[in-house]
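The structure appears below as structure tokens.
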Amino acid sequence: LYGAATTQIQQLQGHRLHEAGFCGQGMTVAVIDAGFHNADRMEALRNAHILGCKDFVNPAGDAYGEGSHGLSVLSCMAMNRPNQMVGTAPEASYWLLRSEDESSEQLVEQDYWAEAVEFADSVGVDVVNTSLGYYNFDNSDWNYAYRHLNGCYALMSRQASRMADKGMLLVCSAGNSGAGSWKKITPPADAFDVLTVGAIDKEGTLASFSSIGNTADGRIKPDVVALGEMTSVIMPDGSQGRANGTSYSSPIICGMVTCLWQALPQLTVRQLLEVVRQSGNRVEYPDNIYGYGIPDFWKAYQSQK
């Protein structure tokens with residue numbers, strides 16, 4: 001049934017949640033990203049329920065014609081082509097919001113992102129995925145240091161830390177700096193009350209590029225991990241391909257969290273975050289590399305029944 005996405009869903013016991021009837025129906029997800037090239041016209045996404053698309057970088061522009069990163073991220077959740085590829089929340093509804101300008105790295109992009117979050121709140125979004133992170137800018141005077149990863153410094157992190165109070169759950173990528181000199185997570189992954197996701201391979205080993213924690217104030221990050229190496233995604237031409245990055249482990253988790261919240265609607269954002277963390281296979285010894293480990297979404301569901 002899951003086709004190319006079988007490993008990334010079964011690794012999380014997500015298929016069991018789907019088999020119980022929880023595939024995201026009635027839930028609304030916002031994908032805040034760089035662009036969704038051809039997502040409105042490709043056959044592969046014909047069964048995806050897309051509510052709308054909005055460009056905060058160029059309000060007069062067309063996010064369906066800008067970049068393909070958001071398209072691949074979306075496909076991890078929204079794909080619904082049995083035996084080809086099925087995502088982690090195939091029956092959820094999606095808003096596609098562009099906040100990233102791929103031509104430059106400027107502080108103003110965090111303002112675009114904050115605006116996208118406000119819009120998501122205004123249209124009743126439940127869960128937000130963002131596979132974006134900032135620490136290095138075109139003007140090096142703006143660059144962040146490790147001491148800034150306290151959830152309160154970067155504009156994105158401050159906005160992200162307020163989302164739980166608005167009733168929205170944010171899932172974000174940890175970052176892909178693990179093999180470089182920075183190594184650490186990138187804002188908004190340091191925010192409070194968000195689910196930060198690192199990347200592993202199909203064997204459960206951390207991907208070399210996956211950014212690590214902790215936050216500057218000592219909180220465990222990432223929270224959990226999922227498949228981010230050789231992840232099954234849809235490419236701009238509509239074909240199925242493979243890609244690497246916490247950009248893809250994040251939406252895989254985001255879709256499963258969406259299904260879990262559908263199954264457990266009585267939980268608050270903070271309660272849901274804790275249920276997911278407690279289902280991790282490293283919950284007894286969380287660290288700054290794997291966090292709480294690989295979450296078991298069937299276990300998470302069963303723990304609340």
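The model shown is predicted, which means the values in this text are computed figures rather than measured ones.
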Hey, are the side chains of [X] and [Y] touching, using non-hydrogen atoms and a 4.5 Å cut-off?
{"X": "Phe137", "Y": "Leu107", "answer": "yes"}
{"X": "Leu273", "Y": "Asp193", "answer": "yes"}
{"X": "Tyr301", "Y": "Val275", "answer": "no"}

Which heavy atom in [X] sits nearest to a heavy atom in [Y], and how many Å separate them?
{"X": "Tyr2", "Y": "His15", "result": "OH-CA, 3.3 Å"}
{"X": "Leu195", "Y": "Val257", "result": "CD2-CG2, 3.8 Å"}
{"X": "Cys259", "Y": "His18", "result": "SG-NE2, 3.8 Å"}
{"X": "His37", "Y": "Leu71", "result": "O-CD2, 3.4 Å"}
{"X": "Thr88", "Y": "Pro251", "result": "OG1-O, 3.5 Å"}

Distance-only donor-acceptor check, side chains [X] and [Y], under 3.5 Å:
{"X": "Ser232", "Y": "Gln240", "answer": "yes"}
{"X": "Gln159", "Y": "Glu118", "answer": "yes"}
{"X": "Asn214", "Y": "Asn288", "answer": "no"}
{"X": "Ser211", "Y": "Lys184", "answer": "no"}
{"X": "Ser131", "Y": "His69", "answer": "no"}
{"X": "Asp138", "Y": "Gln106", "answer": "yes"}
{"X": "Asp296", "Y": "Ser279", "answer": "no"}

All side chain to side chain donor-acceptor pair (under 3.5 Å) counterparts of Asp55, not counting sequence neighbours: Arg98
Taking side chain to side chain contact (heavy atoms under 4.5 Å, CB included) as the criterion, tell me which of Leu96, Val117, Asn129, Val125 meets it with Ile32.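 The single option meeting the side chain to side chain contact (heavy atoms under 4.5 Å, CB included) with Ile32 is Val117.
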From CG (Asp217) to SG (Cys152), nearest 0.5 Å: 7.0 Å
On the six-membered ring of Tyr292, is Arg282 placed so that its NZ or CZ lies under 6.0 angstrom from the centre and within 45° of the ring axis? no
Do the ring centers of Tyr134 and Tyr144 come within less than 6.0 Å of each other?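 No; Tyr144 has its ring centre 6.0 Å or more from that of Tyr134.
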Less than 4.0 Å between a side-chain N and a carboxylate O, is that true for Glu115 and Lys54? no
Ion pair check, Asp190 and Arg158, cut-off under 4.0 Å: no
Contacts of Glu43 meeting salt bridge (Lys or Arg N to Asp or Glu O under 4.0 Å) (sequence neighbours excluded), chain-then-number -> Arg46
In chain order, what residues pass the side-chain contact (heavy atoms from CB on, under 4.5 Å) check against Ala191, with sequence neighbours excluded?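 Applying side-chain contact (heavy atoms from CB on, under 4.5 Å) to Ala191 gives Ser157, Ala160, Ser161, Val194.
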Would one find more than 12 heavy atoms of other residues, nucleotides or ligands at under 6.0 Å from atom CE of Met42?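 Atom CE in Met42 is crowded, with more than 12 foreign heavy atoms closer than 6.0 Å.
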Can you tell me if CD on Gln266 sees more than 12 non-hydrogen neighbours from other groups inside 6.0 Å?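 Enclosed: over 12 neighbouring heavy atoms sit under 6.0 Å from CD of Gln266.
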